[in-house]
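Working notes for the structure below.
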Number of protein chains: 2
Amino acid sequence: MQRATMNRPPVSEGQNARNAPCAACPVREQALCAALNDKEIGRLNEISVTRRYSAGETVINEGSAANSGYNLISGHVKLYKLLSDGRRQITGFLVPGDFIGISASELYSYSAEAIDETVLCGFPRTGLDSLMQQIPGLLHRMLSIASDELMQAQEHALLLGRKTAAERVSTFLLSLARRHGDNARGGNGGLQIPLPMTRSDIADYLGLTTETVSRVLSELKRASIIRLPTRSSVEIVSAEALESRSDQL
Amino acid sequence: MQRATMNRPPVSEGQNARNAPCAACPVREQALCAALNDKEIGRLNEISVTRRYSAGETVINEGSAANSGYNLISGHVKLYKLLSDGRRQITGFLVPGDFIGISASELYSYSAEAIDETVLCGFPRTGLDSLMQQIPGLLHRMLSIASDELMQAQEHALLLGRKTAAERVSTFLLSLARRHGDNARGGNGGLQIPLPMTRSDIADYLGLTTETVSRVLSELKRASIIRLPTRSSVEIVSAEALESRSDQL
DNA sequence: CGACAGGTTGAGGTACCTCAACGTCGGTGG
DNA sequence: CCACCGACGTTGAGGTACCTCAACCTGTCG
C-alpha cells in the first residue's frame, strides 16, 4: 500500500518525472495540464509531487500558508469553511481533474479534506508562479478555472439563499449527474451515481441538516424519482422530475 | 446630462482617449488598470468606451452574449441571479474600481444593474482578450481579481448557508465598513457609511426578507450599536459589538 | 399636495431545525 | 464465521427562526 511517491517533500528530487510520468496521468487532458504541450508538461512534472491521502485526511487547513496547488488525480475532496462554534459550510466537492488551491491571499481561506482514498499531484506555489510567468497558456488556463469556479459559486449562492430544501437536494443530484456524465446507466435505464460523501457532508453543502436531507431523499424515493441502492450511491430514475423540482440548472 | 461619451458604439473612433483620458481616471490605480504602465493603458484606452447608467438600468442580462467587460468608475452596481418564479439572489454589490464581466462561458451567467447614477468604462471582450495575450500583467491581474471574487463568494456561501439573520446583517455592515475605509468618522466617533441599495436589495443579498432585515436593523439601533440617520446610510457606533454578533470576518 | 415606492412594525403561519429513538451496514475480534 | 460495535442514516414529535400577510409610517417627486 505504501508507495515510493508518498510523503515526498515538495522539494524536487529529479526523480518525480519517473515516479509520476504525466503521459500516463489519467487527468492529463483535463485540469491545468490540458493547456500544456508535452515539453511544457515536462517542466510542470519536474516540480510536481504525487501523494496519497486516506479518507478524512486534511489536505489544506484554513489559515495556513498558501504555498501549494494540487491537481486531483483520483478520489474526492471537499472544501469547507468553519464558524467559531463549529458550524460548517462546504463550498464544493471536487472530482478528478479539478484544481485545488486557487488563492488570492497568502493564506488559504478554506480547508480541504479527502473524502475517500485520494491521490493528489501537488505543486509548490513558487514553481507554479514562475511557470505561469513563462507559459501564458498556463496562466490563461488558471483564469478560466477560476472563472468557472466563480460561476459555480454564484449558482451555489442562489441555491443557499433562495431555494427550498427539496429544490436544493434536487439541484444537487442533477449537478452530480451532470458531472458524472451520461455513462453508467442502470438496469431500468436509470443513471447510477456514486455518493462518496456522507449525508452530513451533503447537508453542510446544501445549508441543511442531515435529517432534512434524509427526509427529502426518502420522499424522492417514495415518489419513485430516485432509488437508493446503497448508502453511497443514488440511481436517478427520472431526471425530468428532478429538473422540475430544482427550478433550473 | 447627456454627454459626448454616452452610448458610443464599442468601435474605436480615435477620440475616446480624449473623452476618457485614463490619466485622469479616479480608478486609474485600482481595478485592471493598476497592472498597466502608461503606454499599456493607452492601448486599453483605445478600446474603451465610458457610458453613464441611471439607477435601475440594466448593464448585463443573464443569458446574453458575454462580449464586454467593464470597470466601475463611479456609482454602485449589483449582480444577481433569478429563479423562474422571480426569487432573486444578489451575489455582490460593486464599488468604484471593481471589474464587471468575468465570465467562463460565452454567455453571462448573471445580471448586473446600476443601483444609483453610475459610470462604467466598457471594453469589448475581443480587444480585452488580445490585450491579455500581449500583456501578461493584465492576464495576471485578471486572475487575481477572479481569485479574490472567488474568496468573497465562499465567504458569502458561509453566510447564506450557516449564519443567523442577526449574524448576516452584522457581517454585511462590517464588510461595508471595511470596504468604505476608516475615513468618514461621524460626530460621536461612529463610522458613517452610505447604503445606496434598498432594504430589498440587502435582503436578496443576505437570503432574507426585507422585513427581517428591517427588524434586525431596528434591534441593532435599539441596542445603540448602529444609528440610521437616513434610509440610505448607517452609522456604526460599535464595530466591536457587530463583530461579536457576526461570528468572524 | 397627493401619490407612491420604500420602510417599519405587528400577528400569525410554516419550513426547517432540534432532540430523541430506532435502524442499518461495514468492520473487527473472539 | 458470526456477534458485536460504532458510525452513519432514517423516522418521528415538537420547537423556533424566519416568512407571510397586512397595516401603517415616511420621505420624495411630480
Side-chain angles (χ1 to χ4, degrees), chain A residues 54-56 78 83 85-90 113 115-117 159-170 172 194-223 226-234 245 247, chain B residues 1 54-56 78 83 85-90 113 115-117 159-172 194-223 226-234 245 247:
Chain A
S54 42
K78 60 192 176 201
L83 292 176
D85 62 0
R87 279 174 290 172
R88 181 178 66 158
Q89 179 63 45
I90 292 184
E113 188 181 312
I115 290 176
D116 47 15
E117 195 73 11
L159 178 150
L160 292 172
R162 288 302 181 217
K163 289 192 179 181
T164 66
E167 288 168 344
R168 294 181 200 201
V169 173
S170 301
F172 173 66
L195 276 184
M197 67 293 286
T198 66
R199 298 290 188 270
S200 168
D201 287 341
I202 298 174
D204 283 350
Y205 178 70
L206 298 178
L208 301 170
T209 59
T210 60
E211 293 94 328
T212 298
V213 169
S214 185
R215 275 186 253 272
V216 173
L217 287 175
S218 296
E219 201 211 306
L220 291 174
K221 179 178 164 190
R222 228 175 292 124
I226 63 171
R227 297 200 320 122
L228 296 168
T230 71
R231 59 170 58 178
S232 61
S233 70
V234 212
R245 281 165 197 242
D247 207 301
Chain B
M1 200 210 257
S54 43
K78 60 191 174 201
L83 293 175
D85 62 358
R87 281 173 289 171
R88 182 178 65 159
Q89 179 62 47
I90 291 183
E113 187 182 312
I115 290 176
D116 47 14
E117 194 75 9
L159 178 149
L160 292 172
R162 289 301 182 219
K163 290 193 178 181
T164 66
E167 287 168 344
R168 294 181 201 201
V169 173
S170 302
T171 303
F172 173 67
L195 277 185
M197 68 293 287
T198 65
R199 298 291 189 268
S200 168
D201 287 341
I202 297 174
D204 283 350
Y205 178 71
L206 298 179
L208 301 170
T209 59
T210 59
E211 293 94 329
T212 299
V213 170
S214 184
R215 276 186 252 271
V216 172
L217 286 175
S218 295
E219 202 212 304
L220 290 174
K221 179 179 165 188
R222 229 174 291 125
I226 63 171
R227 298 200 320 121
L228 295 167
T230 71
R231 60 170 56 180
S232 61
S233 70
V234 213
R245 281 165 197 242
D247 207 302

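Residue numbering restarts at 1 for every chain, and letters A, B, ... go by the order of the sequence lines.
In this structure, A:L195 places its CG atom 10 Å from P of D:dG9, rounding to the nearest Å. Rounded to whole angstrom, the span from the CD atom of B:E219 across to the C1' atom of C:dT8 amounts to 14 Å. Rounded to whole angstrom, the span from the CZ atom of A:R162 across to the C1' atom of D:dC19 amounts to 10 Å. Between B:R87 atom CZ and C:dA15 atom P the separation is 13 Å, expressed in whole Å. As rounded to whole Å, 16 Å separates atom P of D:dC19 from atom CZ of B:R199. Summarising the geometry, the separation between CG on A:D204 and P on D:dG9 is reported as 12 Å, rounded to the nearest angstrom. In this structure, CG of B:L228 is placed 12 Å from P of D:dG27, rounded to the nearest angstrom. As a whole-Å value, the separation of B:L217 CG from D:dC18 C1' is 15 Å.
Looking at which nucleotide of DNA chain C each of A:E211 and B:M197 is closest to, the 5′-most match is held by B:M197. Heavy-atom nearest nucleotides on DNA chain D were determined for B:R168 and for A:V213, and the one closer to the 5' end corresponds to A:V213. Each of A:R231 and B:A166 was matched to the nucleotide of DNA chain D holding its nearest heavy atom; the match closer to the 5' end belongs to A:R231.
Inter-residue side-chain proximity for A:R88 and A:S200 is flagged as met; some heavy-atom pair is nearer than 4.5 Å. By the 4.5 Å heavy-atom criterion applied to side chains, A:T164 and B:R87 are counted as neighbours. Side-chain contact between B:R199 and B:L217 is present, with at least one heavy-atom pair separated by less than 4.5 Å.
Within the 4.0 angstrom heavy-atom criterion, only backbone atoms of the sugar-phosphate kind lie near A:L208; the bases stay farther away. Residue-level contact check: B:G207 touches the backbone only, with heavy atoms under 4.0 Å from sugar-phosphate atoms and none from bases. Contacts of A:T164 with the nucleic acid, taken as non-hydrogen atoms under 4.0 Å apart, involve only primed sugar atoms and P, OP1 or OP2.
A close approach under 4.0 Å does occur between a side-chain nitrogen or oxygen of A:T212 and OP1 or OP2 of C:dC17. Phosphate proximity of D:dT11 to A:S218: present, with a side-chain N or O under 4.0 Å from OP1 or OP2. Taking 4.0 angstrom as the limit, B:T210 places none of its side-chain polar atoms (N or O) nearer than this to OP1 or OP2 of C:dT8. Within the structure, a side-chain polar atom (N or O) of B:T209 is placed less than 4.0 Å from OP1 or OP2 of D:dC19.
Counting distance only, with no hydrogens placed and no angle test, the side-chain atoms of A:R215 and the base atoms of D:dG12 include a donor-acceptor pair under 3.5 Å.
Scanning both residues, B:D201 and B:K78, for their nearest heavy atoms gives OD1-NZ, 3.0 Å. Counting all heavy atoms, side chain and backbone alike, B:R162 lies closest to A:L83 at O-CD1, 3.9 Å.
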